[in-house]
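Working notes, structure below.
Per chain, numbering begins at 1; letters A, B, ... match sequence-line order.
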Amino acid sequence: MADPVPLPRPGAGPITSQFNRRAPDYLAGLNPEQREAVETTEGPLLVLAGAGTGKTRVLTTRIAHILSQRLAWGSQILAVTFTNKAANEMKKRIHELVPSLDGLPWMGTFHSISARILRHHAELVDLKPSFTILDTDDQIRLIKQLLEADNIDEKRWPARQFAGILDAWKNRGWLPKDVPSSESAYFANGRGGKLYADYQARLKALNAADFGDLLLECIRLFRENPEVLAEYHRKFKYMLVDEYQDSNTAQYLWLRLLAQGKPAPEANICVVGDDDQSIYGWRGAEVDNILRFETDFPGARVIKLERNYRSTANILKAASTLIAFNEGRLGKTLHTDTAEGGEMVTVTSVWDSEEEARHVGEEIEQYQRAGESLNSMAILVRASFQMREFEERFITLGLNYRVIGGPRFYERREIRDALAYLRLVAQPADDLAFERIVNVPKRGIGDSTVKVLLETARHQNVPLLAATRMLVETEELKPKQRTTLRELVMQFDAWAARLEAVPHYEVAEQILDESGYTGMWQADKAPDSPGRLENLKELVRSMEEFETLGGFLEHISLVMDRDSGEAEDAVSIMTLHSAKGLEFDTVFLPGWEEGLFPHQRSLDESGRAGLEEERRLAYVGITRGRRRVRLSMAQNRRIHGLWQSAIPSRFLDELPPDVVEVSDTGSSYGGYGYGGGATSRFNKADPFESVYETPGWQRARANQASRRGGGPLTIEGELVARSVDLGGQSSHFALGERVFHLKFGYGEVIQIEGNKLTIDFEKAGTKKVLESFIRKG
DNA sequence: TTGTGTACAACGTAG
DNA sequence: TTGTACACAA
């Protein structure tokens with residue numbers, strides 16, 4: 001244990017110098033439980049920490065403590081999180097606490113740390129250190145190719161579905177050989193297992209790994225190479241895991257392997273978690289992992305943090321009352337010392353999502369005028385499609401905003417194209433990248449030419465770029481294509497060579513210019529092409545922050561934030577999932593409607609468990625707010641271009657009335673607002689009965705009805721329309737009839753298709769709407 | 001080989 | 001409403 005110890009440099013900063021005092025100041029602000037969690041450095045430790053109880057603070061202070069007590073170098077500490085957001089937050093806070101670090105702790109997501117480990121030992125898992133990390137998009141394209149090769153009908157067995165199955169298998173830590181035949185039977189009549197094996201073989205050939213592989217291959221590496229594992233056992237003296245309740249089986253195995261350096265009762269592993277914030281069941285998280293911790297590590301200390309320092313009493317009460325509706329909790333109660341309740345939690349009923357965005361925008365401006373910073377406000381949505389409305393509104397208002405997660409920068413077409421060029425230069429075996437760009441910009445290389453390339457590649461067992469190199473020396477291609485491809489290959493050689501001498505970001509710019517890619521967008525007269533060019537510039541600019549092209553590519557595939565202008569004052573827009581671990585003075589939670597939140601698919605797929613997970617998500621959302629929580633629900637929402645009337649979320653009814661203030665924006669019509677019913681404050685319908693109006697139930701009813709031979713249907717939903725489309729004969733309305741619609745007003749029926757009516761509205765113009773929204777005029 | 005028109009599914013969440 | 005896959009014409 002007599003390791004060399006980082007000595008603080010004299011005068012390196014106020015905090016560092018405090019390390020030398022007997023009762024270090026960094027412990028001063030902690031309550032007894034927090035302090036215990038920080039100071040219990042030896043042996044396994046489980047910290048059950050409710051929302052806002054200073055969990056991140058404990059973790060970061062603990063790291064500072066380990067350093068100041070000279071128990072380890074920075075680089076001997078491993079700190080794992082689940083999201084990039086959380087990892088960044090932790091890095092930032094460590095940096096504030098310990099400005100001068102000797103050796104950075106290994107801080108990051110499971111995936112980024114795994115990637116780092118794998119690059120060191122790539123050969124041992126049949127990869128080269130330059131391997132590409134495939135994202136979901138690449139993954140699906142690869143699966144499509146495999147399905148085609150196996151003559152599996154993609155209509156019947158969608159690639160997307162198999163990607164999901166693969167993911168689930170990998171989350172459970174299964175290699176192809178581990179997949180039981182009962183599971184394999186799930187896809188393509190039992191060919192799932194074989195597909196998995198083929199898929200993995202393709203990945204190796206491409207020198208690529210998908211997200212799941214990062215963990216799985218790491219586990220395989222450790223298992224098959226005890227000496228490598230031992231190396232990491234020696235290296236990592238202290239391990240810390242954030243949000244442990246979100247770990248899935250693969251991550252659990254990964255951690256356990258790394259913790260095996262010492263007998264379990266002595267392992268210096270500290271996990272922090274909160275069963276009430278477990279929101280990743282859908283990607284295989286096992287809450288059991290946290291419950292099992294004391295069994296896995298006998299003699300583990302357990303510390304509960306229950307004192308909340310974040311939110312007002314009212315917010316806390318709203319959150320606690322809501323989460324109490326869940327069964328199967330470990331049971332924690334949050335306390336606050338604040339006597340004052342603070343502002344009420346508000347629920348606003350609005351007409352539709354557009355008005356919702358307008359309303360939120362107005363409030364934000366109002367707070368801004370009162371001197372509050374935009375950085376202190378956030379909009380947390382259930383699903384990323386909700387973001388667009390807010391973005392559009394904020395653009396017209398000129399309100400600064402930043403989107404975290406959601407449709408990501410790197411998912412844009414121009415970025416993916418540019419990255420494909422860069423990937424291919426860095427990694428010539430990247431066939432997916434090759435296929436993406438051979439004909440972008442248009443070079444006259446169509447499907448038939450690509451087919452020849454693919455066949456050659458397969459026969460010669462070489463990557464596409466290499467196959468092309470061979471083919472251009474033969475007569476097999478038409479002269480025109482041959483010349484084009486020869487030039488392209490030469491260009492790639494030149495770029496790769498240039499990388500040795502010229503900084504990579506300069507080469508990148510040259511690649512985009514010389515390939516004609518930039519020119520393609522300059523010539524494009526579409527209104528969004530200037531924006532695309534701007535994005536490309538941004539991409540090249542961001543490369544400057546990295547040492548090498550490889551480093552940049554890894555960052556882009558793992559860390560998907562567009563972290564532009566962190567310093568600027570801006571409202572954050574993000575999903576509830578990515579908001580976990582963050583906090584804001586003011587939090588807006590839009591879209592509290594049945595079907596959206598709780599999300600219908602969650603209920604359909606996982607029933608009660610799904611509902612409880614949604615409720616935990618609601619709990620996470622509310623507890624993000626320090627001073628103000630503003631909920632809203634839209635009475636109408638457009639789904640797939642059709643208007644659907646919405647029912648208030650049952651979660652609204654589960655909030656304690658005494659801390660909640662209800663209002664609307666005055667644009668509702670009678671009968672559709674809140675407050676009209678016996679069982680609900682928000683809707684005339686019983687919240688539990690309301691599930692019978694959800695799409696899933698409608699589908700079930702429609703199927704029943706169509707089996708019985710149809711009949712007049714009055715229920716709404718487009719799926720109903722599809723299954724009982726009687727060619728327009730079943731409508732209750734006639735062409736030319738005068739009708740009324742709640743949103744659009746009066747109009748005349750000009751076309752009937754099943755239960756969809758096209759109506760020429762007097763005020764709103766021509767719209768296609770569902771019959772069920774129409775009254776006789 | 002490229003461009004256009006039609007049909008049809010998709011809007012669930014992380015890395 | 002938007003994006004994508006496929007069929008067919010130029």
Asp167(A)/Lys170(A) ion pair, N-O < 4.0 Å: no

Note: Arg436(A)-Asp417(A) ion pair, threshold 4.0 Å (strictly below): yes

Ile556(A) CD1 - dG15(B) P separation (whole Å): 14 Å

Test: Lys451(A) and Glu455(A) ion pair at under 4.0 Å: no

Would you tabulate the pairs of protein nitrogen or oxygen atoms and nucleotide nitrogen or oxygen atoms of nucleotides 5-7 of chain C closer than 3.5 angstrom?
unit_1 : atom_1 : unit_2    : atom_2 : d
dA5(C) : OP1    : Lys144(A) : NZ     : 3.0

Base versus backbone protein contacts along nucleotides 1-8 of chain B [heavy-atom cut-off under 4.0 Å; B, S, -]: SSS-----

cation_pi(Arg393(A), Phe390(A)) dist<6.0 Å, angle<=45: no

Aromatic ring pairing Tyr517(A)/Trp521(A), orientation class (parallel under 30°, perpendicular over 60°, tilted between): perpendicular

At a cut-off of 3.5 Å, list every protein nitrogen or oxygen paired with a nitrogen or oxygen from nucleotides 11-13 of chain B, distance to 0.1 Å.
unit_1  : atom_1 : unit_2    : atom_2 : d
dG12(B) : OP1    : Arg601(A) : NH1    : 2.7
dG12(B) : O6     : Glu605(A) : OE1    : 2.6
dG12(B) : O6     : Glu605(A) : OE2    : 2.9
dT13(B) : OP1    : Ser384(A) : N      : 2.0
dT13(B) : OP1    : Ser384(A) : OG     : 2.6
dT13(B) : OP2    : Ser384(A) : OG     : 3.4
dT13(B) : O2     : Trp282(A) : NE1    : 3.2
dT13(B) : O2     : Arg382(A) : NH2    : 2.8

Sidechain-backbone polar pair: Arg443(A) side chain, Ile437(A) backbone, donor-acceptor under 3.5 Å: yes

Backbone N/O of Gly591(A) and side chain of Glu356(A): donor-acceptor pair under 3.5 Å: yes

Rounded distance (Å) that lies between atom P of dG15(B) and atom CG of Asp137(A): 16 Å

Check: Ser278(A) main-chain N/O paired with Arg616(A) side-chain donor or acceptor under 3.5 Å: yes

Presence of salt bridge, Arg116(A) and Glu554(A), under 4.0 angstrom: no

Integer-rounded Å distance: dA14(B) P and Asn84(A) CG: 11 Å

Protein-nucleotide distance (Ile133(A), atom CD1; dG15(B), atom C1'), rounded to Å: 10 Å

Salt bridge flag under 4.0 Å for residues Lys55(A) and Glu243(A): yes

Distance in angstrom units between Gln161(A) CD and dA10(B) C1', rounded: 15 Å

Sugar-phosphate only, base, or nothing, as touched by Asp167(A) at under 4.0 Å among non-hydrogen atoms: base

Trp169(A)-Tyr196(A) aromatic ring centre distance below 6.0 Å: yes

Sugar-phosphate only, base, or nothing, as touched by Phe110(A) at under 4.0 Å among non-hydrogen atoms: nothing

Nucleotide dA10(B), atom P - distance to CD of Gln644(A) in whole Å: 16 Å

